[in-house]
Asker: 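Supplied in structure tokens, the structure appears directly below.
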Amino acid sequence: MAQKPGIPKGTRDFNATEVAKRSYIMDVIKEQFQLYGFQPIETPSFENSDTLMGKYGDEGDRLIFKILNSGDYLKKVSNDVYNSKSEHLITPSISEKALRYDLTVPFARYVVQHQNEIEFPFKRYQIQPVWRADRPQKGRFREFYQCDADVVGSTSLFQEVEFVQLYDAVFTALKLDGVVIKINNRKILSGIAEVIGAQDKLIDFTVALDKLDKIGEDKVKEEMRNKGISDDGISKLQPLFYLKGDFIGQIAKLKSILISSEIGRKGIEELEFINTAISDLKLNTAKLQLDVTLARGLNYYTGAIFEVSAPEGVKMGSIGGGGRYDDLTSIFGKPDTSGVGISFGLDRIYLVLEELGLFPEAITETTKVLFINFGEREAMTSLKAVTQLRQAGIKAELFPDAVTSGKQMKKQMTYANRRNIPYVVVVGEEELINQNYSLKNMISGQQKTVTFSMLLKSVS
RNA sequence: GUGGUUGUAGCUCAGCUGGUUAGAGCGUCGGUUUGUGGUACCGAAAGUCGCCGGUUCGAACCCGGUCUUCCACCCCA
């Protein structure tokens with residue numbers, strides 16, 4: 001055998017079953033997006049580098065796939081730059097475009113670019129692939145789909161409330177019970193940083209705090225110390241490490257910690273509003289949980305932060321995330337436009353549904369009736385019946401190649417069996433003479449001779 | 001980007017401290033059954049042991065590089 005072809009690491013081929021299952025998830029999400037009033041848009045798979053670079057931090061820049069300029073791209077590079085061997089200098093001069101890294105930044109660009117055509121508040125959804133030059137792991141790919149819904153141009157906290165409901169609606173529709181919608185607020189994190197005198201180290205502080213679940217209290221403190229947060233400040237955090245219990249209880253404790261911080265109090269107020277509304281409106285299957293250690297997400301979140309984790313017992317990272325960003329469009333020249341949005345990780349949801357066996361049987365259903373092909377005359381008669389069945393909305397097909405021996409018959413039956421086609425119709429010489437059809441049920445193995453109207457009725 | 005891990009037939013995997021013609025199960029194909037699949041029996045095909053190089057009389061096995069898989073970190077859906 002010749003050298004086998006392959007695909008780049010972190011990418012995948014999808015077979016018919018996989019495509020059907022992925023479409024199922026996307027259709028459910030789309031349906032809910034539309035029920036909540038979101039309109040679809042699409043943006044190009046690659047953007048100008050300026051649009052993307054610097055929006056995700058240094059780490060993000062590293063993970064953006066850059067597209068090499070066309071033509072003799074080295075010719076334009078000055079000798080100084082060329083000899084510098086510095087990627088920071090060389091990359092911009094040989095690459096001016098890059099594959100999109102997420103859907104939020106291109107959306108912000110879209111909003112600014114089309115601001116005069118858009119009615120605000122603008123609610124849009126977008127389901128498209130994104131690319132990251134990451135090292136693959138379970139549930140982590142270099143090409144994957146994001147399903148985003150965002151609202152820009154409204155500061156109302158009802159948006160946050162509706163997004164919690166939307167998460168609940170989608171996962172309920174997917175029969176994925178028991179997902180946990182974790183919520184936090186950047187203002188609370190800012191408030192805490194303020195209280196411990198580490199306002200300038202907010203990012204370092206939150207990144208460390210976020211790891212509490214994973215590495216434990218001691219390591220978190222160690223990391224904070226390494227980042228230059230004072231021991232005095234860290235000791236003030238102590239109550240945070242034991243902040244357990246229900247939403248209201250946690251809020252009460254936070255209030256006492258953040259009493260001196262105006263921004264912290266504002267964050268608490270927002271969380272209370274959302275929780276009160278959700279308690280009143282009620283969720284179907286999801287749970288809303290306050291998690292003050294939740295700090296993931298991009299540097300641009302300013303208010304609410306969301307993350308959805310799979311039901312307990314499923315080993316999978318987050319299956320969704322989002323938050324409010326007050327200033328994203330100002331990077332592109334449109335200040336004072338608040339946005340809030342959420343994202344669904346299609347590929348991870350797929351893995352979770354697969355693991356729990358939650359895909360409906362029906363989605364992989366293919367052809368329902370296969371006609372055995374005995375030759376030209378028989379095939380023509382069969383094709384007439386096939387056409388009528390199709391008009392009646394029944395998936396039907398004729399085996400394209402004729403029987404030339406008994407083995408061919410066997411081959412066609414095997415084909416039907418492999419493809420899980422539940423009915424086979426035999427139209428041979430006998431049936432042609434008698435103007436009837438031999439209908440075989442492939443599950444029971446029973447066969448009967450019928451007229452067309454009986455055939456239609458049997459397979460409907 | 002850092003550290004580790006994996007790669008043998010279409011698939012899942014054996015293969016002892018390096019030693020003749022590299023094995024199994026499942027699948028595929030053929031036959032028992034020339035108008036009948038899914039279960040049974042018989043038989044067959046199929047592998048430059050990820051790729052390149054090195055050590056050795058001799059390498060699937062040891063060493064180096066590279067690609068790939070999965071995992072941890074970084075970060076994240």
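We name chains A, B, ... by the order of the sequence lines, and we start the count at 1 in each one.
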Asker: Atom CG of A:Leu209 to atom C1' of B:C75: distance rounded to whole Å?
Answerer: 17 Å
Asker: Using the benzene-type ring in the case of Trp, are the ring centres of A:Phe171 and A:Phe344 under 6.0 Å apart?
Answerer: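 A:Phe171 vs A:Phe344: aromatic centres under 6.0 Å.
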Asker: Does any part of the side chain of A:Pro422, heavy atoms only, come nearer than 4.5 Å to the side chain of A:Lys368, both counted from C-beta?
Answerer: yes
Asker: Contact class for A:Gly10 vs. all strands (heavy atom < 4.0 Å): base, sugar-phosphate, or nothing?
Answerer: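 Result for A:Gly10 = sugar-phosphate.
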Asker: May I ask you to say what A:Phe344 touches in the nucleic acid, namely base, sugar-phosphate or nothing, with a heavy-atom cut-off under 4.0 Å?
Answerer: nothing
Asker: Could you check A:Thr449, A:Asn436, A:Val425 and say which one makes a side chain to side chain contact (heavy atoms under 4.5 Å, CB included) with A:Leu455?
Answerer: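 Checked A:Thr449, A:Asn436, A:Val425 against A:Leu455; only one passes side chain to side chain contact (heavy atoms under 4.5 Å, CB included): A:Val425.
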Asker: Roughly, in whole Å, what's the span from CD in A:Gln137 to C1' in B:C74?
Answerer: 10 Å
Asker: Assess, by modelled atom type and distance only, whether the side chains of A:Glu143 and A:Thr11 contain a donor and an acceptor separated by less than 3.5 Å.
Answerer: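 A:Glu143 vs A:Thr11: no donor-acceptor pair found between side chains.
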Asker: Which whole number of Å gives the distance between the C1' atom of B:U6 and that of B:C70?
Answerer: 7 Å
Asker: Tell me the interatomic distance from A:Asp58, atom CG, to B:C74, atom P, rounded to whole angstroms.
Answerer: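 In whole Å, B:C74 P and A:Asp58 CG are 16 Å from each other.
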Asker: Name the orientation class of the two ring planes belonging to A:Tyr125 and A:Phe33 (parallel below 30°, tilted from 30 to 60°, perpendicular beyond 60°).
Answerer: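 Correct class here is tilted.
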Asker: Look at the side chain of A:Arg348 and decide which nucleotide, out of B:A77, B:C74, B:G1, has an atom nearest to it.
Answerer: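 Nearest to the side-chain atoms of A:Arg348, counting from C-beta on, is B:A77.
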Asker: Confirm from the modelled atom types if A:Arg140 and B:C75 form a donor-acceptor pair under 3.5 Å, side chain to base only.
Answerer: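 For A:Arg140, whose side chain was compared with the base of B:C75, there is a donor-acceptor pair (under 3.5 Å).
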Asker: If we ignore angles and hydrogens, is there a donor and acceptor under 3.5 Å between the side chains of A:Tyr301 and A:Asn184?
Answerer: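 No, no side-chain donor-acceptor pair sits under 3.5 Å.
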Asker: Sticking with atom C1', work out how far B:G4 lies from B:A9, rounded to a whole angstrom.
Answerer: 29 Å
Asker: Grab the CD1-C1' distance between A:Ile64 and B:C75 for me, whole Å please.
Answerer: 13 Å
Asker: Let me check I have this right: for RNA chain B, each base becomes ., (, ), [, ] or |, based on Watson-Crick or G-U pairs with both distances under 3.5 Å. What is the full string?
Answerer: ((((..(..((((.....[...)))).(((((.......))))).....(((((..]....))))))..))))....
Asker: Which nucleotide in the set B:G1, B:U68, B:A77 lies at the smallest distance from any side-chain heavy atom of A:Ser318?
Answerer: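 Closest of the options to the side chain of A:Ser318: B:A77.
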Asker: Have A:Ser330 and A:Asp327 got a donor and an acceptor in their side chains that come within less than 3.5 Å?
Answerer: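 Present: a donor and an acceptor within the cut-off.
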Asker: Just call it for A:Val207: base, sugar-phosphate, or nothing, with non-hydrogen atoms closer than 4.0 Å on any strand.
Answerer: sugar-phosphate
Asker: Determine, step by step, whether A:Lys227 and A:Glu223 satisfy the salt bridge (charged side-chain N to carboxylate O under 4.0 Å, His left out) criterion, reporting the C-alpha distance in whole Å, the side-chain angles of both residues, the deciding distance to 0.1 Å, and the verdict.
Answerer: CA-CA 6 Å; A:Lys227 296 287 184 183; A:Glu223 183 166 331; 5.4 Å; no
Asker: Measure CZ/A:Arg135 against C1'/B:U2 and give the value in whole Å, please.
Answerer: 7 Å
Asker: Can the ring centres of A:Tyr36 and A:Phe163 be said to be less than 6.0 Å apart?
Answerer: no
Asker: Can you work out whether A:Pro8 or A:Glu59 has the more 5'-proximal nearest nucleotide on RNA chain B?
Answerer: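 Comparing both residues, the 5'-ward one is A:Pro8.
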Asker: Which letters describe nucleotides 35-40 of chain B, given B = protein heavy atom under 4.0 Å from base, S = only from sugar-phosphate, - = neither?
Answerer: BBBB--
Asker: If the C1' atom of B:A59 is compared with that of B:G50, how far apart are they to the nearest Å?
Answerer: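 After rounding to an integer number of Å, I get 16 Å for this pair.
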Asker: Within the structure, does a side-chain N or O atom of A:Lys211 lie under 4.0 Å from either OP1 or OP2 of B:C73?
Answerer: no
Asker: Could you state the atom-to-atom distance from CD1 of A:Ile372 to C1' of B:U34 in whole Å?
Answerer: 15 Å
Asker: Using atom P of each nucleotide, how far apart are B:A14 and B:G31 to the nearest Å?
Answerer: 35 Å
Asker: Rounded off to whole Å, could you give me the CD-to-C1' distance for the A:Gln408 and B:G30 pair?
Answerer: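 In whole Å, B:G30 C1' and A:Gln408 CD are 14 Å from each other.
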Asker: Within the structure shown, what part of the strands sits under 4.0 Å from A:Gly60 by heavy-atom distance: base, sugar-phosphate, or nothing?
Answerer: nothing
Asker: Over how many whole Å does the gap from A:Leu294 atom CG to B:A77 atom P extend?
Answerer: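 So the two atoms are 11 Å apart, to the nearest Å.
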